[in-house]
Structures are given as C-alpha cells and as structure tokens.
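Data block below; observations after.
Because the structure is predicted, anything quoted here is derived from the model rather than measured.
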Amino acid sequence: MLIILPPSESKRPPPATGRPVELKALSFPELTTMRTRILDALITTSARPDAFRRLQVGPSKAAEVARNTRLLELPARRASNVYSGPLHEGLGAATLSTGARQRAEQSVVVASSLWGLLRLSDRIPSYRLHVCSRLVGMDRLEPTWREVLPEVLTAAAASDGLVLELRSPAYQAVGMPVGVGHRTVTLRVNQASVGGRIGDVVAKRIRGQAARQLLESAAEPDEPHALSDILAERWPVRLEAPARSGKPWTVTITADD
C-alpha cells in the first residue's frame, strides 16, 4: 500500500542546533536535481523585496521567509517532526506503535512543493513554500514537478497494492501515479447531521487519523473494499466505485458533529 500525504503549511520551528539537510541522503535520489533547482530559486526569491508577493504570504510570515534564505544551514529534523498541520497531527507519527512506524516508513510518502517526495524519516529544515508560489526564474511549481513526479510515484506504487490519496487537488496537481487509478482510493469526510462537508481543519485531521488506522491495523488491503472495511471499524463509511474505468474509488467517512 502507498499512502500519499500532503505537506502542511504550518511547520515546527527548527531546533537550536543540529546537522543541516543533506540533499543526497534524502529518499528518491532521482529528484535531487529538481530539488536543488527549486531550493536555489526559493533562497533567491526569499531575499528579494517582492518575496511576500511571490511566496503568497503576508508580512506576519516575515520570520519564516527570512529563514528560507538559510535553508542549507538550518538544523534538519525528520519530516514527521517538521510538519505540524491537522492532518499530520491526526496521523501522530511520533506515537505510532513500533510495527505501525515501520509500516509507515515503507508505505507513506509526503508530496512537497520543495522536496518532491519524502519519507517520514527524511531529515529536512522548516521552510515556507506554497505550491502556487512564483519563484524567480521558474514556472509555476505544479507543471515543474509534473515533469518528474508521476514516474517516481508510479514506481513507489509498485505493481500491486492500493494507493490511498490524501492530498487536496492543489497538491495532486504536482503529479499523480500513472496507470493505477483502478487501485487508487481518495478520501472524503462528511458531517453526520446534515451530510455536508465539515470544517477543513477537522476533515484534514480525520484524514490523518484514517492513515493511522490503516497503519495500526497491520493489514495490507489489496482492493478498495478491504480498505473500507478497516476504516469502518472506527467510522461509518461509504465506498463508491468510479464512474469510469481506471478512475479512483472514493471512500467517504461520516464524522460526528
């Protein structure tokens, strides 16, 4: 099984000391060239007077933008300790059981606007880069990453096993695995009382909790119904087949108010 997570805009501040990132030590070394290109452009952009506009942030993020200029010097930590948004809180990688943590290292990838793909154990610094940013000397990041990520994701998905897609459409735009739609499942979260969409923060947290549920189950679901059954142990779920062959399945979790 391959579980594809988004990054989070919120990240924990870097520690006071520690070794900086080693690009050649990151997983998926075939992405090193593109990572270096985007990293150099981000450092340059963050030092410019128009950095806020290009990075699509306000002045309240000035410290994070300034930190971008020192990304190659900042102490790095495991990606699981850097991302702090609600989905990653729901996953709670630091508190997974030993077996689930091992499965997470094999099954989970984070699709990042800066690093491309990461494993949870990859050591990175805290950074600020939205996928829609306009870096100096580069096109938008979505088409830039689409040059390389689909092939890498397809290889990560291997020849069998399910793909659980937990990214928003904005982050899916950086690349999707090719030819695995029939064994891909996307996850939606609805509110119990009215059947509508619930708050974005709550929905993200539940998506992270769903990933945790799968990892802690020790199961290796090989088709969408099996994945749905595991999630149904905690939430009411509905599994929907795709309207067209080769498209992803959809699992909808109904959450309490």
Would you give the length of the straight line joining atom [atom1] of [X] to atom [atom2] of [Y], rounded to the nearest 0.5 angstrom?
X: R183; Y: L227; atom1: CZ; atom2: CG; value: 13.5 Å
X: W115; Y: W145; atom1: CH2; atom2: CH2; value: 9.5 Å
X: R78; Y: L120; atom1: CZ; atom2: CG; value: 7.0 Å
X: S121; Y: E105; atom1: OG; atom2: CD; value: 3.0 Å
X: L129; Y: S112; atom1: CG; atom2: OG; value: 7.0 Å
X: S133; Y: L42; atom1: OG; atom2: CG; value: 7.5 Å

Is there side-chain contact between [X] and [Y], with at least one heavy-atom pair below 4.5 Å?
X: L239; Y: H225; answer: yes
X: I206; Y: I253; answer: yes
X: T254; Y: V237; answer: no
X: L72; Y: V21; answer: yes
X: R134; Y: R53; answer: no
X: V251; Y: R188; answer: no
X: L166; Y: I4; answer: no
X: L149; Y: L117; answer: yes

Go through the steps to decide whether I124 and L26 satisfy the test side chain to side chain contact (heavy atoms under 4.5 Å, CB included), and finish with yes or no.
CA-CA 9 Å; I124 58 171; L26 297 177; 4.2 Å; yes
Give a yes or no on whether the backbone of [Y] and the side-chain of [X] come within a donor-acceptor separation of less than 3.5 Å.
X: T69; Y: S46; answer: no
X: S228; Y: P224; answer: no
X: R12; Y: N81; answer: yes
X: R212; Y: G92; answer: yes
X: T44; Y: D40; answer: yes
X: R205; Y: L87; answer: no
X: R77; Y: R123; answer: no
X: S80; Y: A93; answer: no
X: S217; Y: L214; answer: yes
X: N68; Y: I43; answer: no

Thinking salt bridges, do [X] and [Y] make one under a 4.0 Å N-O criterion?
X: R119; Y: D122; value: no
X: E142; Y: R140; value: yes
X: E89; Y: K204; value: no
X: R238; Y: E240; value: yes

Test of understanding: clusters of I, L, V, M, F, W, Y form through side-chain heavy atoms closer than 4.5 Å, transitively. Do [X] and [Y] belong to the same one?
X: V174; Y: M176; result: no
X: V136; Y: V57; result: no
X: I3; Y: L162; result: yes
X: V131; Y: L118; result: yes

Report the C-alpha distance between V163 and M1 in whole Å, list the side-chain angles of each, state the deciding distance to 0.1 Å, and finish with yes or no for side chain to side chain contact (heavy atoms under 4.5 Å, CB included).
CA-CA 6 Å; V163 176; M1 182 170 61; over 6 Å; no
Taking every non-hydrogen atom, the tightest pair across [X] and [Y]:
X: L91; Y: L96; answer: O-CD2, 4.1 Å
X: P75; Y: P14; answer: O-CB, 4.1 Å
X: A41; Y: M138; answer: CB-SD, 3.6 Å
X: L187; Y: A210; answer: CD2-CB, 3.7 Å
X: P13; Y: R67; answer: CA-NH1, 4.1 Å
X: W249; Y: A241; answer: CE3-CA, 3.5 Å

Residues T186 and R167: side-chain donor-acceptor under 3.5 angstrom:
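No, no side-chain donor-acceptor contact under 3.5 Å.
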Going by distance alone, is a donor N or O of one side chain under 3.5 Å from an acceptor N or O of the other, for T184 and E165?
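The answer is no; no qualifying pair exists.
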By side chain to side chain contact (heavy atoms under 4.5 Å, CB included), which residues pair with A62, not counting sequence neighbours?
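Checked A62 against side chain to side chain contact (heavy atoms under 4.5 Å, CB included); matches are F52.
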For residues 151-160, please give each side-chain donor-acceptor pair under 3.5 Å, one per line with the distance, not counting sequence neighbours.
unit_1	atom_1	unit_2	atom_2	d
T154	OG1	P150	O	2.7
T154	OG1	V178	N	2.7

Assess K11 against Y83: is NZ or CZ under 6.0 Å from the centre of the six-membered ring, and within 45 degrees of the ring's axis?
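Judged by the rule, K11 and Y83 form no cation-pi pair.
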Could you give me the CA-CA distance, side-chain angles and deciding distance for T33 and L31, then say whether side chain to side chain contact (heavy atoms under 4.5 Å, CB included) is met?
CA-CA 6 Å; T33 299; L31 299 178; over 6 Å; no
I would like to know whether V109 and L2 meet side chain to side chain contact (heavy atoms under 4.5 Å, CB included); could you show each step before the answer?
CA-CA 8 Å; V109 295; L2 177 68; 4.0 Å; yes
